[in-house]
Amino acid sequence: MICPKCGSEYIKKDGSTYRKQQKYQCNSCKYQFTENSQNRIMSDKPKGKLIIQCDEMWSFVGNKDKKYWIWLALDMSTREIVSAHIGDRSQDGAQTLWDSLPPVYRQCAVCYTDFWEAYACVFPKKRHKAVGKKLGKTRYIERFNNTFR
Ligand SMILES: [Zn+2]
């Protein structure tokens with residue numbers, strides 16, 4: 001058990017609440033808390049900024065004459081694919097990817113892409129950051145693409 005305020009391990013029991021919950025007090029900073037508040041603090045994940053990476057890759061689907069582009073959007077913190085779309089490598093492809101993003105991402109997320117111009121035409125400037133491949137920001141999704149392929 002540690003103090004939720006200062007992280008000190010010097011905790012003493014400090015009576016109980018009217019709901020019969022054990023109360024504690026920190027010997028270091030005198031902060032009073034219950035077991036419940038400790039649990040809440042432990043299970044609350046810090047909410048970081050939403051960051052997604054978008055990338056497009058080509059693949060043969062069905063017969064080998066037809067090349068398709070697979071558009072992917074990856075949440076950087078959960079490593080989940082939040083949007084995927086198969087089509088051609090046009091502005092329509094980028095538009096469909098954008099449209100199928102969950103609304104919270106369209107409103108809040110910063111979207112990292114490469115310099116493919118379709119993204120810049122479709123993604124709002126405020127939400128969009130084009131980064132060179134050398135910078136490594138799109139490296140993770142490219143690795144995913146390689147395993148996907
Ligand atoms: Zn403390």
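One-based numbering along the sequence shown.
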Separation of Cys121 SG from Gln91 CD (nearest 0.5 Å): 4.0 Å
Can you confirm whether Asp14 sits close enough to Phe33 that some side-chain heavy atom of one is under 4.5 Å from a side-chain heavy atom of the other? no
Side chain proximity check, Arg89 to Trp58, heavy atoms < 4.5 angstrom: no
Are Asn27 and Ser8 side-chain neighbours, meaning at least one heavy-atom pair lies under 4.5 Å? no
Distance check, rounded to the nearest 0.5 Å: His128 atom NE2 versus Ile52 atom CD1? 10.0 Å
Are side-chain heavy atoms of Cys3 and Ser28 found at a separation under 4.5 Å? no
State the SG-NZ distance between Cys54 and Lys129, to the nearest 0.5 angstrom. 13.5 Å
Side chain of Arg127, backbone of Gln107: donor and acceptor closer than 3.5 Å? yes
Could you report the tightest heavy-atom contact between Tyr31 and Pro4, atom names first, then the distance? CE2-CG, 3.6 Å
To the nearest 0.5 Å, atom OH of Tyr105 lies from atom SG of Cys111 at 10.5 Å
For Ile11 versus Ile2, what's the shortest heavy-atom pair and its separation? CD1-C, 4.0 Å
Residue pair Gln22 / Gly15: nearest heavy atoms and the distance that separates them: NE2-O, 3.1 Å
Quick check on Lys125: does its NZ atom have over 12 non-hydrogen neighbours (other residues, nucleotides or ligands) under 6.0 Å away? no
Can you check whether Gly93's main-chain N or O pairs, donor with acceptor, with Trp98's side chain at less than 3.5 Å? no
Roughly how far, to the nearest 0.5 Å, is the CD1 atom of Ile70 from the NE2 atom of His85? 10.5 Å
Would you compute the distance between atom CD1 of Ile86 and atom CG of Leu72 and round it to the nearest 0.5 angstrom? 9.0 Å
Test item: Ser83 side-chain N/O and Leu97 main-chain N/O as donor-acceptor pair under 3.5 Å: yes
Main-chain N/O of Gln25 paired to Gln32 side chain as donor or acceptor, under 3.5 Å: no
Ignoring hydrogens, what is the shortest heavy-atom contact between Phe115 and Val131? Give both atom names and the distance. CE1-C, 3.6 Å
If I compare all heavy atoms of Trp71 with all of Ala118, which pair ends up nearest, and what's the gap? CH2-CB, 4.3 Å
Report yes or no: do Val82 and Val104 belong to one cluster of Ile/Leu/Val/Met/Phe/Trp/Tyr joined by side chain heavy-atom distances under 4.5 Å? yes
Answer whether the closest heavy-atom distance between the side chains of Glu56 and Asp114 falls below 4.5 Å. yes
